[in-house]
Peer 1: 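Provided herewith is a single structure, encoded as structure tokens, for subsequent inquiry.
Proteins come first, then strands; the chains are lettered A, B, ... in the order of their sequence lines, and each starts at number 1. The shown structure was predicted, so the numbers you read here are calculated from the model rather than taken from an experiment.
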Amino acid sequence: MLGVGSSNLLAPIFLLHRGVAQPGRALGSGSRGRKFNSSLPDYIFSLKVTSKLHAKKLERRLDMSNENEKSLEKLRHSAAHILAQAVKRLYPEVKLAIGPSTDTGFYYDFDREISFTPEDLGLIQEEMKKIVKENLPITCKEITKEEALTSFTTSKDIYKLELLEAIPEGDKITIFEQGEFADLCKGPHMEKTGQVRNFKLLKLAGAYWRGKETNQMLQRIYGTAFFDKKELKEYLRLLEEAKKRDHRKIGKELGYFIFDEQVGAGLPIWLPKGAKLLSMIEAYDTKKHEESGYKEVRSPHLGLVDLWKTSGHYYHYLDTMFPPMERDNQTFMVKPMNCPFHVSVYKAGLRSYRDLPIRYFELGKVYRYEKSGVLHGLLRVRSFTQDDAHIFCSAEQLEQELNSIREFSVNLFKDFGFTDLEIYVSIRDKEHSDAGKYIGDTKEWDLIEKEFISIVERMGIPYQIDPGEAKFYGPAIDIKLRDALGRLWQCTTIQIDFNLPTKFGLTYIGEDGEAHVPFMLHTAALGSMERFIAILLENYAGNLPLWISPEQVRIIPICDENIPYSKEICNTLNEVGIRTSVDEGSERMNAKIRKGEIEKIPYLFIIGKNEQEEEKVSVRKRHRKNLGSMTLDEIKLRLLEEIEKKVND
RNA sequence: GCCGAUGUAGCUCAGUUGGCAGAGCAGCUGAUUCGUAAUUAGCAGGUCGUCAGUUCGACUCUGACCAUCGGCUCCA
């Protein structure tokens, strides 16, 4: 049993929720899937942070004053205006919506009956260059609401009119003008269009007016802009690099996984090499959990509909659950989460305070009917495996548990080569806290959020507050990792749940001999295995560290006579657990080496007449060419050490 | 789900203003037994995403559907 934490603040909440079942309210349970089955990460893949290789540059960039950051915003905002001006010149019938700067560039939303084509994008970019060359002064003009209303009414700028309505009475209304173009805008902007020299239009996309699904679909043009031409080039290079590392591309090239139309969208099929990778990671993950006091459990892929009604999933997530199946008057539903099953495990016996904390772990495969448009390789699928854990503990144990989960994740990520982590405390968005977005009492929320933050404070590590990211029933601690390209990915989530234990009537016998309701923590370390593998593949560009490479060594006999000796070596290595094969093909050595390199095999051993006579192997490391001859014992020790230390390079 | 684009051999991609379907790589067969990123010759390989429609004739035109890609929305 773990030591008692210092969390007293939570005790009242614990008491509040004891026996306070609220049948009228459909309460949810864990929200573990929030981000780790998400689409592209919320990555800040900008010049702020580029890569480990650019650590020095990074420091310099982080030193950049706020002023400079803002002026980059200013530059991009002006670029958006130039984009709109160019579009207006080429297509006068277009109606303008909004055009802000973003973390990585800018966009402008347009309303036009005909769709823009990629060719249009080229024309628009050319027109933008002209506007830059014209070096038009950008001026700000303050006008009254009436003037603005009249102006936008005559120009039939319906979107601007809508924006205008939203401006509170008494606020300044400003118009920015450059040449014949004028836009309702708060600014600030550059002084002249000529200052926006380094920009590029990147893509076309649809976007809802004001981000609302029920609103008009507009056409969005994305672009980016920088002060320095080199920075623009670097950014475009990073985009290219990301494309090259796309896990969907690498997964196909290396034969890890496929999606099959006949099987269904969003349902990954693991090919032998990918399945090997997956099962190795799963085995390691399981071992680590067991070492940390988690007990592995297993549960079925479906359960009776009433189970999902009790847990609340049925009421809250029906549209993302696969539909019910009926047979002999019973209705089953495929699981979108594992929690109710772990609750069953808890309920399988009488629990005492002496048993707490109880930690259950399962590599549980869950199914969620994601909308067709959001599916994205392994990052957003309809069937995936969570390294899902549930901890049942007392209020006093919460802090200790949160700490050990965090530590567990940090150590696990280190093994996979991720050391650049960020901790987020997901709390409510205060501005919307009254809008019925969150359940429960505001005071309770304040209390529990405060407690969460102070627990993280006591961890003595840097963290950030993520407003609006709290689950509707409680706050969470999330851990994001930064990959080799500087992108952030959320993997670990730690959530507190004080609903499910009550709903399922969970209790433990306390020191006082009375029944108490335990707290339940939902957590996942790597998150979704599918998603984590995607992150690994992108981070390493497919060059997986030796210890998780499905094929670690490939032996290349120079001619057929060397095959028996090669097989001998292969067997010896396999016996000590080094995954080795022999390329017995009839191609020449060079072709086999090329094949091995393309397949990103960590080590290639060349065996010819010389090696056979000297009882050695010629070692070739991935991307490092020839390392020279070594005895089998030498290389074996080297490999085993590299595997043991989980070296990544 | 919404907007837009795309879908041709295992893979990467040409192509046809409607008239017998093309390459490279991979595969197979043979020759070659080679020293650190592609030896060579030959042979195969396709309901041109699916289903309808127009047409003497559809891979090409039309429609619906499916899937993928870029976004939007969503992601418990």
Peer 1: Output the rounded distance in Å from CG (A/Asp260) to C1' (B/G10).
Peer 2: 13 Å
Peer 1: Could I get the full list of ring-ring contact (aromatic ring centres under 6.0 Å, His included) partners for A/Phe341, not counting sequence neighbours?
Peer 2: A/Trp308
Peer 1: If I compare all heavy atoms of A/Tyr222 with all of A/Ala205, which pair ends up nearest, and what's the gap?
Peer 2: CE1-CB, 4.1 Å
Peer 1: Does A/Arg76 qualify as a cation-pi partner of A/Phe106, given the criterion of NZ or CZ under 6.0 Å from the six-membered ring centre and within 45 degrees of its axis?
Peer 2: no
Peer 1: Does B/C75 have OP1 or OP2 under 4.0 Å away from a side-chain N or O of A/Arg382?
Peer 2: no
Peer 1: Looking across every strand, which nucleic acid part, if any, lies under 4.0 Å from A/Gly373 by heavy atom: base, sugar-phosphate, or nothing?
Peer 2: base
Peer 1: With no hydrogens and no angle check, is any side-chain donor or acceptor of A/Asn562 less than 3.5 Å from a backbone partner on A/Cys559?
Peer 2: yes
Peer 1: Taking atom P in both B/U73 and B/A14, what distance in whole Å separates the two?
Peer 2: 32 Å
Peer 1: Both distances under 3.5 Å, Watson-Crick or G-U wobble: report the partner of B/C61, or none.
Peer 2: B/G53
Peer 1: Considering only B/U36, B/U68, B/C72, which nucleotide approaches the side chain of A/Asn626 most closely?
Peer 2: B/U36
Peer 1: Taking the side chain of A/Ala205 as its heavy atoms from C-beta onward, which of B/U68, B/G35, B/G71 lies nearest to it?
Peer 2: B/G71
Peer 1: Work out how far the P atom of B/A37 is from that of B/G1, and round it to whole angstrom.
Peer 2: 50 Å
Peer 1: Can you find a donor-acceptor N/O pair under 3.5 angstrom joining the side chain of A/Tyr208 to the base of B/G1?
Peer 2: yes
Peer 1: Please report the distance, rounded to the nearest Å, between CD in A/Glu261 and P in B/C66.
Peer 2: 11 Å
Peer 1: Would one find a side-chain N or O of A/Arg588 under 4.0 angstrom from OP1 or OP2 of B/A38?
Peer 2: no
Peer 1: Give a yes/no verdict on a cation-pi contact between A/Arg220 and A/Tyr108, requiring under 6.0 Å between NZ or CZ and the six-membered ring centre and an angle within 45° of the axis.
Peer 2: no
Peer 1: Quote, to the nearest angstrom, the C1' distance that separates B/A38 from B/G24.
Peer 2: 12 Å
Peer 1: With a 4.5 Å cut-off on side-chain heavy atoms, are A/Glu584 and A/Lys567 touching?
Peer 2: yes
Peer 1: Using the C1' atom on both, measure B/C48 against B/U40 and round to a whole Å.
Peer 2: 32 Å
Peer 1: Please tell me which of the listed nucleotides, B/G71, B/G1, B/C69, lies nearest to the side chain of A/Arg248?
Peer 2: B/C69
Peer 1: Write down the partner of B/G30 under the Watson-Crick or G-U wobble criteria, each distance required to be under 3.5 Å.
Peer 2: B/U40
Peer 1: Given the structure, check if the side chain of A/Glu611 and the base of B/G35 hold any donor-acceptor pair shorter than 3.5 Å.
Peer 2: yes
Peer 1: Roughly how many Å is it from CE in A/Met217 to C1' in B/G4, rounded to a whole number?
Peer 2: 9 Å
Peer 1: Determine the interatomic distance between P on B/G15 and the same-named atom on B/G71; round to the nearest Å.
Peer 2: 26 Å
Peer 1: Reckon A/Thr117 touches a base, only the sugar-phosphate, or nothing at all at heavy-atom distances under 4.0 Å?
Peer 2: nothing
Peer 1: Angle between ring planes, A/His301 versus A/Tyr367, binned at 30° and 60°: parallel, tilted or perpendicular?
Peer 2: tilted
Peer 1: Report the residue (A/Asn610 or A/Tyr367) whose heavy-atom-nearest nucleotide on RNA chain B is the more 5′ of the two.
Peer 2: A/Asn610
Peer 1: Do A/Arg380 and B/C74 share a donor-acceptor pair, side chain to base, under 3.5 Å?
Peer 2: yes
Peer 1: Quick one: A/Lys244 NZ to B/U12 C1', roughly how many Å, whole number?
Peer 2: 17 Å
Peer 1: Going by salt bridge (charged side-chain N to carboxylate O under 4.0 Å, His left out), A/Glu597 matches just one of A/Arg624, A/Arg620, A/Arg622, A/Lys592. Which one?
Peer 2: A/Arg620
Peer 1: Counting the atoms with a prime plus P, OP1 and OP2 as sugar-phosphate, which does A/Thr320 contact under 4.0 Å by heavy atoms, base, sugar-phosphate, or nothing?
Peer 2: base
Peer 1: In whole angstrom, give me the gap between the C1' atoms of B/G35 and B/G42.
Peer 2: 29 Å
Peer 1: Take the protein atom CD1 of A/Ile269 and the nucleotide atom P of B/G10, then report the distance between them rounded to whole Å.
Peer 2: 18 Å
Peer 1: When the distance from CD1 of A/Ile598 to C1' of B/A37 is rounded to whole Å, what number comes out?
Peer 2: 7 Å
Peer 1: Ring-plane angle category for A/Phe392 and A/His390, please: parallel below 30°, perpendicular beyond 60°, tilted otherwise.
Peer 2: tilted
Peer 1: Rounded to the Å, how far apart are A/Leu375 CG and B/G71 P?
Peer 2: 15 Å
Peer 1: State, to 0.1 Å, how close A/Pro550 and A/Leu544 come at their nearest heavy-atom pair, and which atoms those are.
Peer 2: CD-CD1, 4.1 Å
Peer 1: Does a side-chain N or O of A/Lys371 approach OP1 or OP2 of B/U73 to a distance below 4.0 Å, or not?
Peer 2: no
Peer 1: Report yes if a side-chain nitrogen or oxygen of A/His376 is closer than 4.0 Å to either non-bridging phosphate oxygen (OP1 or OP2) of B/G70; otherwise report no.
Peer 2: yes
Peer 1: Is the distance from OP1 or OP2 of B/G1 to the nearest side-chain N or O of A/Ser372 less than 4.0 Å?
Peer 2: yes
Peer 1: Only pairs with both distances under 3.5 Å count, Watson-Crick or wobble alike; so what is the partner of B/G70 in this structure?
Peer 2: B/C3
Peer 1: Name the pairing partner of B/C11, where a pair is Watson-Crick or G-U wobble with both distances under 3.5 Å, or state none.
Peer 2: B/G24
Peer 1: Quote, to the nearest angstrom, the P distance that separates B/G53 from B/U60.
Peer 2: 14 Å
Peer 1: Which comes earlier along RNA chain B counting from the 5' end, the contact point of A/Gly608 or that of A/Gln219, where each point is its nearest nucleotide?
Peer 2: A/Gln219
Peer 1: Would you say B/U12 has OP1 or OP2 under 4.0 Å from some side-chain N or O of A/Lys252?
Peer 2: yes
Peer 1: Check every strand shown and say whether A/Pro336 touches a base, only sugar-phosphate, or nothing at a heavy-atom separation below 4.0 Å.
Peer 2: base
Peer 1: How far does the C1' atom of B/C2 sit from the matching atom of B/C43, given to the nearest Å?
Peer 2: 50 Å
Peer 1: Step by step, work out the salt bridge (charged side-chain N to carboxylate O under 4.0 Å, His left out) result for A/Lys273 and A/Glu551.
Peer 2: CA-CA 8 Å; A/Lys273 278 171 74 182; A/Glu551 185 178 352; 5.4 Å; no
Peer 1: Give me the residues of residues 552-563 of chain A where at least one heavy atom lies under 4.0 Å from an atom of RNA chain B, by number, or none.
Peer 2: A/Ile558, A/Cys559, A/Asp560
Peer 1: If the cut-off is 4.0 Å, is A/Tyr317 near the phosphate of B/C75, judged by side-chain N/O to OP1 or OP2?
Peer 2: no
Peer 1: Could you tell me whether the phosphate oxygens of B/A37, OP1 or OP2, come under 4.0 Å of any side-chain nitrogen or oxygen in A/Arg620?
Peer 2: yes
Peer 1: Using a cut-off of 4.0 Å on non-hydrogen atoms, how would the nucleic acid contact of A/Tyr222 be classed: base, sugar-phosphate, or nothing?
Peer 2: sugar-phosphate
Peer 1: Rounding to an integer number of Å, can you tell me how far A/Arg594 CZ sits from B/A26 P?
Peer 2: 8 Å
